[in-house]
Participant: 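Quick one: structure below, then a few questions.
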Amino acid sequence: KKMVREPLFNIYQYALRDNEGKILNNDSRLYADSIVNNYLNSIIDNDKSIAADAMLVLNIWMKLVHELFQTLDNCRKKKIADSDGVHSIDEAVAYWIGDGQVTGDGGKGHLFYALAEKMGDKFERNTNGQSKTNVNILRLFNQAKIELSYPNACSENLKTYTRLRQIVMKILSQMTIPLIQSLIHYLKESNKYRVQLYSYAVVPLTAGCDPELHKFLHSKLIENTYNVVESEDIITRLQTVYPCLGLTCDDIGQHISDS
């Protein structure tokens, strides 16, 4: 219920719903659960991992977003006391990294850190043994913790909320990178099932940037099955919204198939 007041959650539920306000015949507010259950009930090519991937990029991704917005809201309302803010950021970091993760390894973890490492390899975005996305996002998480670590940071310093909001928005931009990279990668691989999965995660983000592009991508990638010869055009059009998402082409990188 708390998420219905949060901008990104509302963007997803409205951008994914059909003309009747539903997603897969369910309430649009249940978009993530509906999509995951649809994959669970229709195992594709004996591949059960696609449902797990859907849970990661839809349910857990939005849960991480919620943690960040909730921390922001608590700071704005001066409800953060002592180490509450630091603990909230630590919880968000846990959703990003997960358990059993090995630094710089895309094969040993299960959450976004591992996905960012895997896609960092695909887009030649790894440096010094770790993807640039993970380097950047962990640096930003640390900056958020520092802002919240000062005594009475949100209640006594009016600038804390402004600085924290700027950091959170940068984190959210970085969080979209492995989603976009995954969509492009599977478009390059002509993997139509995972193209649709990552389209659920990426296409809603374009709605507030370019409604016409959102309509085009939703039709091509979610409502219908795209033609593989259209892949490069779809990728090129997707790149036009990078600035609106706080990203550059360098943030995404160049796919190894283009090298």
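It should be emphasised that the depicted structure is a prediction, and the values quoted were computed from it without experimental measurement.
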Participant: May I ask you to decide if G129's main-chain N or O and N126's side chain share a donor-acceptor pair within less than 3.5 Å?
Facilitator: no

Participant: Once ring-ring contact (aromatic ring centres under 6.0 Å, His included) is applied, do any residues pair with Y198, and if so which ones, sequence neighbours excluded?
Facilitator: Y186

Participant: Working to the nearest 0.5 angstrom, can you tell me the gap between E230 CD and L187 CG?
Facilitator: 10.5 Å

Participant: Hey, any chance I252 and I256 share a hydrophobic cluster, counting ILVMFWY side chains that come within less than 4.5 Å of each other, even indirectly?
Facilitator: no

Participant: When rounded to the nearest 0.5 angstrom, what distance separates CG in L68 from CD1 in I89?
Facilitator: 6.0 Å

Participant: Among L245, L205, V241, find the residue that satisfies the side-chain contact (heavy atoms from CB on, under 4.5 Å) test when tested with I180.
Facilitator: L245

Participant: Restricting to pairs with a member in residues 158-180, which pass side chain to side chain donor-acceptor pair (under 3.5 Å), not counting sequence neighbours?
Facilitator: E147-R163

Participant: Less than 6.0 angstrom from the centroid, inside 45 degrees of the normal: does R17 satisfy that with respect to the ring of Y31?
Facilitator: no

Participant: For the atom pair CD (Q13) and NZ (K22), what is the distance rounded to the nearest 0.5 Å?
Facilitator: 12.0 Å

Participant: Between D73 (side chain) and F69 (backbone), is there a donor-acceptor pair under 3.5 Å?
Facilitator: no

Participant: Quick check: does any side chain N or O of N224 sit under 3.5 Å from a backbone N or O of S219, one acting as donor and the other as acceptor?
Facilitator: yes

Participant: Is it the case that the ring center of W96 lies less than 6.0 angstrom away from the ring center of Y113?
Facilitator: no

Participant: So, for C75 and I80, which heavy atoms are closest and what is the spacing to 0.1 Å?
Facilitator: N-CD1, 3.7 Å

Participant: Can you see whether T71 engages R76 through a side-chain donor-acceptor pair at a distance of less than 3.5 angstrom?
Facilitator: no

Participant: Under 3.5 Å, is there a donor-acceptor pair between the side chain of H214 and the main chain of A15?
Facilitator: yes

Participant: Is D258 salt-bridged to K188, cutoff N-O under 4.0 Å?
Facilitator: yes

Participant: Could you grab the distance from atom OH of Y12 to atom CD of E6, nearest 0.5 Å is fine?
Facilitator: 13.5 Å

Participant: Do any N or O atoms from the side chain of Q130 and from the backbone of V135 form a donor-acceptor pair under 3.5 angstrom?
Facilitator: no

Participant: Does one side chain, of S131 or N134, offer a donor that lies under 3.5 Å from an acceptor on the other?
Facilitator: yes

Participant: Can you tell me if D251 and T248 form a side-chain donor-acceptor pair at under 3.5 Å?
Facilitator: yes

Participant: State whether the number of non-hydrogen atoms from other residues, nucleotides or ligands found under 6.0 Å of R29 atom CZ is greater than 12.
Facilitator: no

Participant: Backbone N or O of E117 within a donor-acceptor pair of the R125 side chain at under 3.5 Å?
Facilitator: no

Participant: Find the distance between CG (L30) and CG (L24) and round it off to the nearest 0.5 Å.
Facilitator: 11.0 Å

Participant: Please check if the number of heavy atoms outside N227 that lie under 6.0 Å from its CG is greater than 12.
Facilitator: yes

Participant: Taking salt bridge (charged side-chain N to carboxylate O under 4.0 Å, His left out) as the test, write out the residues that go with D90, two or more places apart.
Facilitator: K145

